Amino acid sequence: MFAASETAPERGRVEQDALQDIQAGRSSTRWFGAAGGALWAAAPHSMVRWEERRGTAGGPGPAVLKPSASTMSPPKENVSLLFKLYCLTVMTLVAATYTVALRYTRTVETELYFSTTAVCVTEVIKLFLSLGILAKETGSLTRLITSLKENVFGSPKELLKLSVPSVVYALQNNMAFVALSNLDAAVYQVTYQLKIPCTALCTVLMLSRTLSKLQWFSVFMLCGGVTLVQWEPAQATKVQVEQNPWLGFGAIAVAVFCSGFAGVYFEKVLKSSDTSLWVRNIQLYLSGIVVNLFVVYMSDGARVLEKGFFYGYTYYVWFVVFLASVGGLYTSVVVKYTDNIMKGFSAAAAIVLSTVASVILFGLQITVTFSLGALLVCISIYLYGLPRQDTTKIQPSETKTSKERLATV
């Protein structure tokens with residue numbers, strides 16, 4: 001601490017002392033001269049602008065360093081290119097493999113399983129995985145139980161709030177099975193990218209965000225590409241089961257709307273409080289299990305009682321359930337190391353892999369309109385993910401002004 005009668009510390013010394021205090025977890029209180037000012041200090045997890053709050057107006061006094069409203073965004077973790085490529089590969093394989101494997105189980109398997117039970121089992125696995133991650137996050141069984149009592153069982157209003165996206169997600173996941181029972185995996189993969197404009201629209205309406213002109217252009221380009229794909233749907237010669245392409249496209253339309261609305265709604269709930277992501281996931285999956293059990297009862301209740309809950313389950317079906325549960329959670333953790341451009345490449349690569357797999361496994365006959373439409377979709381995904389100009393960063397003039405003010409301290 002500096003006494004009020006002492007000379008103000010020299011420039012550079014303040015930053016060093018404040019930084020040491022912040023990193024050591026000590027109080028960041030300092031005595032400054034009458035001129036005051038501001039300085040930039042590095043907190044352990046972000047770059048924060050620390051402003052002076054005077055103890056006495058217009059004169060020397062205790063000044064507490066506190067974060068100002070203008071904070072810089074946290075720096076990205078320094079990860080290697082090899083690790084980013086690994087993340088990209090994982091996201092691509094999960095997306096492509098899940099689609100192709102689900103299509104396989106709905107068209108090649110002789111004893112068709114109940115898709116509603118598969119969705120329900122997926123929610124149960126996600127619940128247990130989230131409980132395990134939350135247990136690791138809390139550090140002990142006692143704190144885990146306390147957290148569950150306070151945030152889950154002791155918060156019926158929060159459970160009710162999360163029941164909204166639970167119902168929507170249940171509808172989305174069941175529609176995915178209907179779509180892939182009637183459309184080829186490659187056609188599904190391309191058409192499902194309509195979730196991008198749907199999510200963008202929900203973001204604008206529900207979160208009051210804006211899209212750039214390039215993003216709006218890419219949205220219309222994507223819709224045009226999907227229209228070309230559906231204009232003359234590619235046919236799979238090795239699939240003998242009866243299919244209804246219009247039913248499949250209708251199911252995708254419902255699924256993409258559900259994906260956009262539920263994703264934005266869940267984001268809004270997450271940002272409305274400081275509750276842990278994994279607590280929110282547990283609330284979501286608990287509601288989801290109840291909703292999906294109701295769907296099983298209403299849709300396949302009599303047949304499930306007759307044949308059994310796990311009727312028709314093979315290794316391939318369990319693999320689909322595994323990808324839907326573990327793959328989704330794993331990808332949500334991995335994406336923090338990637339940017340929008342890499343996500344765009346991942347989606348485009350998943351489309352290509354799904355197309356190649358469909359040609360080999362299902363005898364897909366690729367048409368010119370499908371190829372052109374898929375190309376437009378891939379380009380639009382890339383354009384939509386291009387970074388916008390960041391207006392939150394400190395402009396050079398502002399930085400210079402801050403330094404000049406600091407020099408007078």
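Computed from a prediction, not measured in an experiment: that's the story for all the values here.
Thr117 places a side-chain N or O within 3.5 Å of a backbone atom of Phe114 that can act as its donor or acceptor partner. With hydrogens and angles disregarded, no donor-acceptor distance shorter than 3.5 Å links the side chain of Ser325 to the backbone of Lys126. Listed for the Gln215 side chain is a donor-acceptor partner under 3.5 Å among the backbone atoms of Ser212. Between the side chain of Thr191 and the backbone N or O of Tyr188 there is no donor-acceptor pair closer than 3.5 Å. Side chain of Thr203 to main chain of Thr199: a donor-acceptor pair is present (N/O by atom type, distance under 3.5 Å, no hydrogens or angles). For Thr99 (side chain) and Ala95 (main-chain N/O), a donor-acceptor pair under 3.5 Å exists by modelled atom type.
Between Gly225 and Leu376, the shortest heavy-atom contact is CA-CB, 4.0 Å. Of all non-hydrogen atoms in Thr92 and Ala350, the two that sit nearest each other are CG2-N, 3.7 Å. Annotation for Thr275 and Ser273: closest pair OG1-OG, 3.1 Å, computed over non-hydrogen atoms. The shortest non-hydrogen separation linking Leu228 to Gly373 is CB-CA, 3.8 Å.
Here salt bridge (charged side-chain N to carboxylate O under 4.0 Å, His left out) pairs that include residues 192-221, with residues two or more places apart or in two chains, are Arg209-Glu267. A salt bridge (charged side-chain N to carboxylate O under 4.0 Å, His left out) check over residues 279-296, counting only residues at least two apart or in different chains, returns the pairs Glu158-Arg280. Within the structure, every pair that satisfies the side-chain hydrogen bond (donor to acceptor under 3.5 Å, both in side chains) test and touches residues 130-144, not counting sequence neighbours, is listed here: Glu137-Ser276. Among residue pairs with one or both ends in residues 302-311, those qualifying as side-chain hydrogen bond (donor to acceptor under 3.5 Å, both in side chains) are Asp300-Arg303; sequence neighbours excluded.
Open room surrounds CH2 on Trp246; 12 or fewer heavy atoms of other groups in view lie less than 6.0 Å from it. No more than 12 heavy atoms of other residues, nucleotides or ligands sit less than 6.0 Å from atom CZ of Phe128. Taking a 6.0 Å sphere around OH of Tyr316, one finds it holds 12 or fewer heavy atoms contributed by other residues, nucleotides or ligands. Enclosure of atom CZ in Phe309 by more than 12 non-hydrogen atoms of other residues, nucleotides or ligands within 6.0 angstrom is indicated.
A heavy-atom distance below 4.5 Å is found between the side chains of Val229 and Val187. Counting heavy atoms from C-beta on, the side chains of Leu277 and Phe266 come closer than 4.5 Å. Contact of the Leu183 side chain with the Gln243 side chain is not registered, since no non-hydrogen atoms from C-beta on lie closer than 4.5 Å. Side-chain contact check for Arg103 versus Ser181: every heavy-atom pair is 4.5 Å or farther apart.
Under the 30°/60° scheme for interplanar angles, the aromatic rings of Tyr313 and Tyr113 are found to stand perpendicular.
In this view, Thr97 and Leu93, Phe319, Leu323 satisfy the side chain to side chain contact (heavy atoms under 4.5 Å, CB included) rule, not counting sequence neighbours. For Leu305, there are no side chain to side chain contact (heavy atoms under 4.5 Å, CB included) partners, not counting sequence neighbours. Take Phe257 and apply the side chain to side chain contact (heavy atoms under 4.5 Å, CB included) test, not counting sequence neighbours, and it matches Cys198. Take Ser354 and apply the side chain to side chain donor-acceptor pair (under 3.5 Å) test, not counting sequence neighbours, and it matches Gln189. Checked against side chain to side chain contact (heavy atoms under 4.5 Å, CB included), Ala200 has the following partners two or more places apart in sequence or in another chain: Leu211, Tyr384. Every residue two or more places apart in sequence or in another chain was checked for a side chain to side chain donor-acceptor pair (under 3.5 Å) with Thr122, and none qualifies.
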| task | For side chain to side chain contact (heavy atoms under 4.5 Å, CB included), just list the numbers for Val326 and Leu129, CA-CA rounded to whole Å, side-chain angles, deciding distance to a tenth of an Å, and then say yes or no. | result | CA-CA 8 Å; Val326 181; Leu129 288 173; 3.9 Å; yes

| message | Please evaluate residues Leu222 and Phe217 with respect to the criterion side chain to side chain contact (heavy atoms under 4.5 Å, CB included), reporting the C-alpha separation (whole Å), side-chain torsions for both, the decisive distance (0.1 Å), and the verdict. | response | CA-CA 9 Å; Leu222 191 148; Phe217 174 76; over 6 Å; no

| message | Set out, in order, the CA-CA distance, both residues' side-chain angles and the distance that settles side chain to side chain contact (heavy atoms under 4.5 Å, CB included) for Val320 and Val317, then state yes or no. | response | CA-CA 5 Å; Val320 169; Val317 177; 5.6 Å; no

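Between the side chains of Ser155 and Asn151, no donor N or O sits under 3.5 Å from an acceptor N or O.
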Show every donor-acceptor pair shorter than 3.5 Å between a side-chain atom in residues 285-292 and any protein atom, with sequence neighbours excluded, or say none if there are none.
{"from": "Ser287", "atom 1": "OG", "to": "Leu159", "atom 2": "O", "distance (Å)": "3.4"}
{"from": "Ser287", "atom 1": "OG", "to": "Gln283", "atom 2": "O", "distance (Å)": "3.1"}
{"from": "Asn292", "atom 1": "ND2", "to": "Gly288", "atom 2": "O", "distance (Å)": "2.7"}

Identify all side-chain donor-acceptor contacts of residues 168-179 below 3.5 Å with residues at least two apart in sequence or on another chain.
{"from": "Gln172", "atom 1": "NE2", "to": "Tyr192", "atom 2": "OH", "distance (Å)": "2.9"}
{"from": "Asn173", "atom 1": "ND2", "to": "Tyr169", "atom 2": "O", "distance (Å)": "3.2"}
{"from": "Asn174", "atom 1": "ND2", "to": "Ala170", "atom 2": "O", "distance (Å)": "2.7"}

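Distance check, rounded to the nearest 0.5 Å: SG of Cys378 to CD1 of Ile351 gives 4.0 Å. Interatomic distance, CD1 of Ile282 versus CG of Leu131, reported as 4.0 Å (0.5 Å rounding). Taking CG of Leu102 as the start and OG1 of Thr105 as the end, the distance is 4.5 Å to the nearest 0.5 Å. Between atom OG1 of residue Thr355 and atom CD1 of residue Ile360 there is a gap of 11.0 Å, rounded to the nearest 0.5 Å. Between atom NZ of residue Lys161 and atom CG of residue Leu284 there is a gap of 13.0 Å, rounded to the nearest 0.5 Å. In this structure, CG on Asn182 lies 4.5 Å from CG on Leu247, to the nearest 0.5 angstrom.
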